[in-house]
Each structure stands twice: as structure tokens, then as C-alpha cells.
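All values derive from a computational prediction rather than experimental measurement. Below, all heavy atoms of this structure are taken into account, side chains as well, without hydrogens, waters or symmetry copies.
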Amino acid sequence: MCVDQLAVAPPAAARRLLGATLWSGAVGVRIVEVEAYGGEPDGPWPDPASHSGRGPTKRNAVMFGPAGTLYVYLSYGMHTCLNVTTGVDGNASATLLRSGEVIAGIEVARERRRAAKSDAGLARGPGNLGSATGITLGDYGTDLFDPSSPIRLELHAPPPKREIASGPRVGVSVAAEVAWRFWLPASAAVSAYRRSPRAPLPAPVRRSR
């Protein structure tokens with residue numbers, strides 16, 4: 001099953017989601033940028049930057065379930081951010097869908113994202129991706145591999161490794177050097193990297209004389 005391909009460690013699952021198509025009604029988005037997140041301190045992938053980094057809560061409960069479920073949250077109380085749960089049931093992890101290319105339903109996406117200056121910007125960045133697809137907090141917990149679901153995920157052949165770039169995650173104030181952001185550099189829809197001003201600067205490298 002396709003969902004089994006996401007029941008792996010966070011970085012592997014995130015890379016597997018590159019090139020996938022997220023369908024929300026008539027709007028289809030090819031995913032070109034993602035970020036992997038782990039879970040609780042005593043789990044297999046401890047990650048203090050994750051919403052589940054301190055254990056289960058009502059908000060992050062779906063992250064502790066099986067792979068292939070939609071985890072939705074609001075950023076700054078206004079931007080809808082979309083995540084796909086990954087890993088094995090009982091151990092929290094998820095992948096944030098950061099950016100995508102609208103490949104179907106583009107007129108609908110344009111209507112939802114009138115501020116976008118180009119089609120490449122319709123779903124560039126996690127908040128814009130949420131707006132372009134019309135996904136809301138009410139869609140939290142959707143099974144993305146259920147054929148009858150209004151929101152579905154299609155996995156395709158993974159891009160060659162040479163076509164994938166990686167680097168630190170955007171905007172996190174802890175574990176800021178963890179290179180769990182992955183993207184397809186050839187796409188104009190990839191967002192810009194912004195380091196959180198709250199993240200401590202990396203320690204300088206001491207050179208031996």
C-alpha cells in the first residue's frame with residue numbers, strides 16, 4: 001500500500017512526499033517542498049521543534065496515529081498549515097507540506113489567492129498552500145489515502161536523489177540546524193529560507209593552528 005511508504009523515519013518519509021499530488025476537491029498541487037518533524041523525547045525520533053516534542057496533547061493527537069493522516073493547524077492564528085502524519089502508529093512524526101505547484105483547478109486557486117503575483121506563487125509557502133487548496137481546521141484527521149475522501153494524496157515515482165536539495169528547517173527556534181527540509185530546486189514554487197531570529201547562532205568553528 002502507498003501509505004506503507006510513509007511508515008518510515010521522518011526524513012525518508014518527507015523525501016518520499018516530494019513530487020506527490022495533493023488533491024482537495026478540483027484543486028491538485030504537486031508538492032515541491034517539505035519539512036520533516038519527529039516526536040516525543042522518549043520516542044524513536046525525538047524532536048524539540050515538533051508540535052509533539054513534549055508528548056501528546058489534544059492538538060497533536062493525530063501525529064501519534066498511523067501514517068497518511070492530515071494534521072492541520074493554524075500558524076499565527078491565521079494561516080492554515082498542512083501536514084501528513086508519517087512513521088509507525090504510536091510514535092509521533094509528520095511532514096509539513098511547505099510549497100507546491102498548482103497543476104489542476106488553477107482558476108479556483110487563483111480566486112482563493114488573489115494576492116499571488118504569479119501562478120508559481122499560488123501555493124508557495126505553507127500558509128499559501130493551505131489557502132490555495134481551501135483546506136481548513138475542520139479537515140483535521142482526514143485519511144488521505146481513502147479513495148472516497150475529498151482530500152487525497154497520490155504518491156508517484158520518487159524524484160532522483162540528485163534532484164533533491166536539503167537544508168535547515170524554516171522558522172524553528174530550537175534544533176535550527178537539523179537539515180530536515182527537502183525541496184526540488186528546479187521548481188519556481190519553492191519558498192525562501194528564513195531562519196528564526198530566536199534561534200541561537202551556531203557555534204563558530206575553531207581552526208587549529
Side-chain angles (χ1 to χ4, degrees), residues 2-3 5-6 10-11 13-39 47 49-52 57-87 92-106 108-109 111-113 115-116 120-146 149-156 169-172 180-184 187 189-191 194:
C2 288
V3 68
Q5 299 178 46
L6 301 180
R15 288 191 295 266
R16 187 65 188 85
L17 285 166
L18 287 173
T21 303
L22 178 69
W23 289 97
S24 177
V27 176
V29 179
R30 177 178 178 256
I31 304 303
V32 299
E33 181 185 4
V34 295
E35 282 180 348
Y37 287 89
D47 184 1
S50 174
H51 286 179
S52 56
T57 65
K58 182 178 180 180
R59 178 197 192 196
N60 66 28
V62 73
M63 290 182 70
F64 291 82
T69 304
L70 183 65
Y71 169 43
V72 188
Y73 68 88
L74 286 182
S75 175
Y76 299 104
M78 57 188 293
H79 302 297
T80 304
C81 296
L82 316 178
N83 300 256
V84 179
T85 61
T86 60
S93 68
T95 294
L96 171 65
L97 306 181
R98 282 202 56 86
S99 297
E101 301 167 346
V102 179
I103 59 174
I106 196 164
V108 176
E111 184 66 21
R112 290 170 174 163
R113 287 274 297 121
L122 287 171
R124 182 193 291 133
N128 294 333
L129 175 57
S131 296
T133 57
I135 294 173
T136 70
L137 288 177
D139 298 308
Y140 178 101
T142 297
D143 181 350
L144 295 172
F145 289 94
D146 182 347
S149 173
I151 306 171
R152 305 178 312 282
L153 187 66
E154 292 181 358
L155 297 182
H156 307 298
R169 295 175 291 191
V170 175
V172 296
W180 278 8
R181 173 177 169 244
F182 304 95
W183 67 95
L184 301 177
S187 174
V190 174
S191 69
R194 292 183 176 86

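- Checking side-chain atoms of Arg113 against main-chain N and O of Val108 turns up no donor-acceptor pair under 3.5 Å.
- Between Thr69 and Thr142, the closest side-chain pair of non-hydrogen atoms is not below 4.5 Å.
- No side-chain heavy atom of Asp143 sits less than 4.5 Å from a side-chain heavy atom of Ile151.
- Between the side chain of Thr57 and the backbone N or O of Asn60, at least one donor-acceptor pair lies under 3.5 Å.
- To the nearest 0.5 Å, atoms CG (Leu96) and CZ (Arg181) are separated by 10.5 Å.
- Looking at heavy atoms from C-beta onward, Glu154 lies in side-chain contact with Trp23 at the 4.5 angstrom threshold.
- Atom OG of residue Ser24 and atom CG of residue Leu153 lie 12.0 Å apart, to the nearest 0.5 angstrom.
- Between Trp180 and Asp47, some side-chain heavy-atom pair lies under the 4.5 Å cut-off.
- Using a 4.5 Å heavy-atom threshold, the side chains of Asn83 and Thr95 count as separate.
- Looking at heavy atoms from C-beta onward, Leu155 lies in side-chain contact with Cys2 at the 4.5 angstrom threshold.
- Side chain of Arg112 to main chain of Ala132: a donor-acceptor pair is present (N/O by atom type, distance under 3.5 Å, no hydrogens or angles).
- Checked for salt-bridge contact, Glu35 and Arg169 miss the test: no charged N lies under 4.0 Å from a carboxylate O.
- Here the OG1-CG distance, from Thr80 to Asp139, works out to 9.0 Å after rounding to the nearest 0.5 Å.
- A 4.5 Å side-chain heavy-atom check between His156 and Thr21 finds at least one atom pair inside the cut-off.
- A ring-centre distance under 6.0 Å is found for His51 and Tyr73.
- Residues Leu144 and Val84 form a side-chain contact, since some pair of their non-hydrogen atoms from C-beta on lies under 4.5 Å apart.
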